[in-house]
Amino acid sequence: MTVSLEKAAPTTPKRRFPLSTFAAKVVMAVTGIVFAAFVFVHMVGNLKVFFGADHFNEYAAWLRDAFTPLLPHEGLLWILRAVLLAALVAHVGCAILVAIRGRRARGPHRRRALPLRTFGTRTMLVTGIVLFLFLVFHLLDLTIGAPPAATDVFEHGDAYANLVASFRRPWAAAVYIAAMLALVLHLVHGLWLSAHDLGVTGKRVRAVWKVLGFAVALVVAVGNTSIPLFILLGVVR
Amino acid sequence: MTFDVASQRSRADEEKVLDALRSIGGDISGIGPSDVPPAQVWDERKLAYRLVSPLNRRTFTVIVVGTGLAGAGCAAALGELGYDVSAFTFHDAPRRAHSVAAQGGINAARGRKIDNDSLARFVKDTVKGGDFRGREADAWRLGEESVRVIDHLDALGAPFAREYGGQLATRSFGGVQVSRTYYTRGQTGQQLQVASSQALLRQVAAGRVTLHTRSEMLDLIVVDGRAQGIVVRDLVTGAITAHTAHAVVLATGGYGNVFFKSTLAKNSNATAAFRAHRRGAYFANPAFIQFHPTALPMSGPWQSKTILMSESLRNDGRIWVPVRAGDTRPPDQIPQDERDYYLERRYPAYGNLAPRDVASRAARTEIVAGRGVGPLRNSVYLDFHDAVARLGAKTIAERYGNLFEMYEDATGENPYEVPMRIAPGAHFAMGGLWSDYDMMTSIPGLFVGGEAGWGYHGANRLGANSLLSACVDGWFTLPYSVPDYLAGLLGSPRLAADDAAALAAVDEVRTTIQALVDIGGTQGPDRFHRRLGELLYDVCGVSRSGQQLTAGIRGIQELRREFTADLRVQGDGESLNQELERAGRVADYLDLAELMCIDALDRDESCGAHFRVEHQTPDGEASRDDEHWMFASAWERTPAGGYVRHQEPLSYVSVPLATRSYK
Amino acid sequence: MKLTLRIWRQASTDSEGAFADYELDEVTPEFSLLEALDKLNDDLVARGRDPIVFDSDCREGICGSCGIAVDGVPHGPKPNTPSCRQHLRSFQDGQTVVLEPFRARSYPVVRDLAVDRSGLDRIITAGGFVSVDAGTAADADAHQFAHQRAEWALDMAACIGCGACVAACPNASVSLFTGAKLLHLATVPTTGQERARRAADMVEASEKEFGPCSVYGECVAVCPAGIPLTAIAGVNRERLRSVRRGRNRDD
């Protein structure tokens, strides 16, 4: 075979979305880390529920008025929302691009006999979709207050009461706990993935990154899961 | 020398056999008239070489066949100089050439350490190691250019082992007493090959080299007495085409696979070189083939090769056989006083580290005497019991872990507990296409490099000199000497690809292939190849006798008759057909094997790896005959299939003749 | 022992392929996988049927020619071991073993179990080399290269180019191969002059034919050269570095 090294690559489609896979992966890593940081801080805020309604509502109110008068009322919140929304669009968009490119590159014969250790990786797309659906539910439930996601007693401004009322519904608590399970899977692999997408080759940095990724995912999940659990158990009321 | 009456009489018989097969030609010269000492020939020659100006270079096309260390280096270097190069390999990628498998290292006469190494010592070791049957001036060139080889491959990214101070590390290797072997763990060949093939691909990217993969050279196009192209079969489509050029370089490796089971890769073959030989290129010293003492023994009919276990194992392993022939007890039940550590006994100075040819021969002696071990009684023990006891299993694992694993993979035996079994395996071809000092064969315009050629290694090659000779030929010799030839062709156009002679050569190849397919017999080519290999191990192996060789020649001729009557080539010639590839190669092996036996029968002396039992000292060492045989045999094949032996007389100026001794 | 081999047969790149079953008798656990195929082919030829085409050369695990997926796993059941060093002792007597070519869209089947892996060479051709002409290199002893770093470079350079990493990857990503080469050449002190350009060009070439990496880690599980997952991080490390350096600077 006289291989011309210039021959058309068999997997390159004629029209290709003008974003390199490299760039897409870096975008996913950066936005993923933004999300990881967000859910961590979010979880820390959530834990204030254990200090009682006043403390929790005070924190919710502070979020709206943070950095005033430098920022307007709810300024920080809207900046965060804008950043998160942009990150979400970029993250999901790149995920779709990468998934399509992966399937196309592999061709019709899928990889078989994948061992269990790849479970987290294999389910990234699934856990991603679960998390997206959960996000919608969560916003309807506790931010927007739209039934049936939200309880009938939802009241803007009373975050504590909304939360407790919502989690008193066992099915809602189950949804939150299930979502946290998906989050653990997604975060553990996602954060490890980000080390590769951001080019972390140092032996010690990689080890620390891996442990930290595990820890963040676990702490976020345990912290968040404890809330519906304790509410269901009646410890927090 | 011990000549008894019987062996003299048998020589007369041998002569009779030989006379029917070959005639004696004349003396040929490899270096040409030169007054300077061998150490200065290269300088003199370089100055005498004609040059091609940079602007004219792209008008010359050079074909390089093979992309191993010699081929990739030569193609890349000529590309860098600005020539139009076409490179061919039967592999799917240039990196796969068998240079990749060399483990130990690459010698270089840099002489940086204070162990008293020097260029002159390198030459002395190489010439002496080759038992005074190589060309002295070539060894000088080899040593001189070795310095740049290390620099160049280091620059290309080959990660040579480094000392803690950051300097290049060296180690010592069989047959020498200094430390001049540069290495990258046990993968030196691979690292040099990867670096060289990357350099080749750099030229492909630059458009100066056209790379043809999965393309096998099947004939040489000789027009007006000059090599002007090759005939190539596209292994995927079966298309047979002519490629023409101003010069052709063959860097197609050695022919050890003629033995079927060897340390070589399965596809390494002699076809390109041998078809050039059929077209008129002389073949030098075909009987000179090195047997590596630490290969895996043959264990069953389906074993595909004798995997090489690194020579380094002999640093800690002790080689022995039972004292009593036919002793079938398992090794751990044979007490110490019933074991013969024969290398330690016969060669107290070097012991288990005796050079390859000596160690192989000693093993063969024990096996033939019935003291071989293993189910087929065809191997000797390489025992690590003492080393494990002395150093601990952990240290042994650190040194040889991967080799032990490979051994266990292949045999299912754990060498930490049961002694390894090893046997001599066909390894490196010192012989090859004859070429003059400028690497040009007896066909003008046909050059040769690497193991496909001859010259440096005489009758026995030193460890770590093969990577070196391939690199030197490819990077630092052919790029000087090929342009000298091209300069004389300035203004003459390249042979047209549709020239009548080229088309005739293509037709001839088609006919040959069709003839093989048309035999329509019952046995695939591998069956013949296996039988040929077994026969050759018996008659033209580690030791040879006139009687065996005579019988061997008859056996090969018989096998060839059977081949031409009963070969089956399954499938057709219009697609990827590995059976067809093998059939063509085996056809060449049959003729080559015959030539090897003729050469071995003809050369009535023992030297290096060529051990004629008729010529040994009373204690069983090789006995050279410098008076009658201090020349290289260069075999010409006549159109009828007969042979003419030409000879290139050898002389030694800087390294005085001596008898090798490792006692 | 006895085995049933279910082998992918495909006459050429453009034809349809399908599995066919072959009985293999009188083999022993010491057989290598490829020797078993040799024996099967001998039987097939003796019976006048086309033998199975597969690539193989050195049979010691260094040339990277061989590559067969065994029961869906590139190279075979023994991890980090090339096809030529897989042995029948990994299988049970009477077992059915599925042999198919390395699968990826960038590896078109040439015939039966042989595939075209020239995509790997196109990545090297894009920039996986050092632009130093023969004879112009400086003295290799004139620069130091620390022992550990040299060993690390060799760890990365150990790749045998078999391409199993691609076939093991559900996304057919070539990151392990590309990353190993980039890290090897980035570590060696003499090869850093074109580092940024090399990374940009090689990564671009990789993406043309191969898929994105999702760090399944399957490549690492099959790699006969033991290239670690770190090599994958090397792809983006070098590529990000080239972004920082910009197009108009050397190194």
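Letters A, B, ... are given to chains in the order of the sequence lines, protein chains preceding strands, and every chain is numbered from 1.
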Problem set entry | Contact class of Arg89(C) relative to chain B, heavy atoms under 4.5 angstrom | side chain

For this session: Tell me, for Ala158(C) versus chain B, whether the close heavy atoms (under 4.5 Å) come from the side chain, the backbone, both or neither.
Result: both

Problem set entry | Per-residue contact mode, Arg149(C) against chain B (heavy atom under 4.5 angstrom) | neither

Exercise. Under a 4.5 Å heavy-atom cutoff, which of Gly61(C), Pro51(C), Ala146(C) has the most pairs with chain B?
Worked result: Pro51(C)

Exercise. So, for Trp475(B) and Ala134(C), which heavy atoms are closest and what is the spacing to 0.1 Å?
Worked result: CE3-CB, 3.5 Å

Problem set entry | Basic-acidic side-chain contact under 4.0 Å: Asp139(C), Arg112(B) | yes

Seminar exercise, completed: Under 4.5 Å to a heavy atom of chain B? For Ser131(C) that would be both

Exercise. If every non-hydrogen atom of Val45(C) is compared with every non-hydrogen atom of Arg568(B), which pair is closest and at what distance?
Worked result: O-NH1, 2.6 Å

Exercise. Between Asp38(C), Val53(C), Leu44(C), which residue shows the highest count of heavy-atom pairs closer than 4.5 Å to chain B?
Worked result: Val53(C)

Exercise. Does some side-chain heavy atom of Asp121(C) sit less than 4.5 Å from a side-chain heavy atom of Ser197(B)?
Worked result: no

For this session: Flag the pair Asp155(C) and Arg185(B) as a salt bridge only when some basic side-chain nitrogen lies within less than 4.0 angstrom of an acidic carboxylate oxygen.
Result: yes

Exercise. Is the number of heavy atoms from other residues, nucleotides or ligands under 6.0 Å of Arg531(B) CZ greater than 12?
Worked result: yes

Exercise. Atom CG of Asp92(B) and atom CG of Leu120(C): how far apart are they, to the nearest 0.5 Å?
Worked result: 9.0 Å

Exercise. Given a strict heavy-atom distance threshold of 4.5 Å, which part of Ser65(C) is in contact with chain B: side chain, backbone, both, or neither?
Worked result: both

Exercise. What part of Tyr164(B) gets closer than 4.5 Å to chain C, counting heavy atoms only: side chain, backbone, both or neither?
Worked result: both

Seminar exercise, completed: Max heavy-atom pairs within cutoff under 4.5 Å with chain B, candidates Gly128(C), Gly161(C), Cys84(C), Cys159(C), goes to Gly161(C)

Exercise. Looking at side-chain heavy atoms only, is the closest gap between His147(C) and Glu163(B) below 4.5 Å?
Worked result: no

Problem set entry | Best-contacting candidate, Lys78(C), Gln148(C), His87(C), against chain B by heavy atom pairs under 4.5 angstrom | His87(C)

Exercise. Of the backbone (N, CA, C, O) and the side chain (C-beta and beyond), which part of Thr411(B) lies under 4.5 Å from a heavy atom of chain C, both, or neither?
Worked result: backbone

Problem set entry | Side-chain donor or acceptor of Arg162(B) paired with backbone N/O of Gln144(C) under 3.5 Å | no

Exercise. Which region of Glu145(B), side chain (C-beta onward) or backbone (N, CA, C, O), has a non-hydrogen atom less than 4.5 Å from a non-hydrogen atom of chain C, or is it both or neither?
Worked result: neither

For this session: Look up atom CG in Leu156(B) and atom OG1 in Thr191(C), then write down how far apart they are to the nearest 0.5 Å.
Result: 9.5 Å

For this session: Indicate the atoms forming the closest heavy-atom contact of Pro159(B) with Ala157(C), along with that distance.
Result: CG-CB, 4.1 Å

Exercise. Is the side chain of Glu35(C) donor-acceptor paired with the backbone N or O of Ser304(B) at a distance under 3.5 Å, no angle test?
Worked result: yes

Problem set entry | Side chain / backbone / both / neither for Phe145(C) at chain B, heavy atoms under 4.5 Å | both

Problem set entry | Options Asp133(C), Thr81(C), Asp50(C), Thr13(C), ranked by heavy-atom pairs under 4.5 Å with chain B, top entry | Asp133(C)

Exercise. Is there side-chain contact between Asp154(B) and His143(C), with heavy atoms separated by less than 4.5 Å?
Worked result: yes

Exercise. Any ion pair linking Arg85(C) and Asp409(B) (charged N to carboxylate O, less than 4.0 Å)?
Worked result: yes

Exercise. Between Ile160(C), Leu34(C), Ile124(C), Val188(C), which residue shows the highest count of heavy-atom pairs closer than 4.5 Å to chain B?
Worked result: Ile160(C)

Exercise. Quick check: are there more than 12 heavy atoms from other residues, nucleotides or ligands sitting under 6.0 Å from NZ of Lys113(B)?
Worked result: yes

Exercise. By a 4.5 Å heavy-atom criterion (distance strictly below it), what part of His98(B) contacts chain C: side chain, backbone, both, or neither?
Worked result: side chain

Problem set entry | Part of Arg202(B) lying under 4.5 Å from any heavy atom of chain C | both

Problem set entry | Pro301(B), part contacting chain C, at a heavy-atom distance under 4.5 Å | neither

Problem set entry | Residues Lys305(B) and Asp57(C) bridged, charged N to O under 4.0 Å | no

Problem set entry | Shortest non-hydrogen separation from Lys266(B) to Ser56(C) and the atoms involved | CG-OG, 4.3 Å

Seminar exercise, completed: Whatever's closer than 4.5 Å to a heavy atom in chain B on His184(C) counts as side chain

Seminar exercise, completed: The interface call for Gln103(B) against chain C, heavy-atom contacts under 4.5 Å, is side chain

Exercise. Tell me, side chain or backbone of Leu88(C) under 4.5 Å from chain B's heavy atoms, or both, or neither?
Worked result: neither

Problem set entry | Residue Ser299(B) versus chain C: region with a heavy atom under 4.5 Å | neither

Problem set entry | Ala138(C) portion near chain B, given a 4.5 angstrom heavy-atom threshold | backbone

For this session: Indicate the atoms forming the closest heavy-atom contact of Ala150(C) with Phe160(B), along with that distance.
Result: CB-O, 4.1 Å

Seminar exercise, completed: Whatever's closer than 4.5 Å to a heavy atom in chain B on Val130(C) counts as both

Seminar exercise, completed: Most heavy-atom pairs under 4.5 Å with chain C, out of Glu80(B), Arg110(B), Gln167(B), Gln570(B), belong to Gln570(B)

Problem set entry | Contact origin within Gln86(C) toward chain B - heavy atom pairs under 4.5 Å | neither

Seminar exercise, completed: In terms of heavy-atom contacts, Ser575(B) and Arg111(C) come closest through OG-NH1, 3.0 Å

Seminar exercise, completed: To the nearest 0.5 Å, atom CG of Asp55(C) lies from atom CG of Leu576(B) at 7.5 Å

Exercise. Can you tell me how far the CD atom of Glu60(C) sits from the CG atom of Leu308(B), to the nearest 0.5 Å?
Worked result: 6.0 Å

For this session: Specify which of Gln523(B), Gln193(B), Gln187(B), Met406(B) makes the most heavy-atom pairs with chain C at under 4.5 Å.
Result: Met406(B)

Exercise. Among Thr522(B), Asn577(B), Ile307(B), Val147(B), which has the most heavy-atom pairs under 4.5 Å with chain C?
Worked result: Ile307(B)

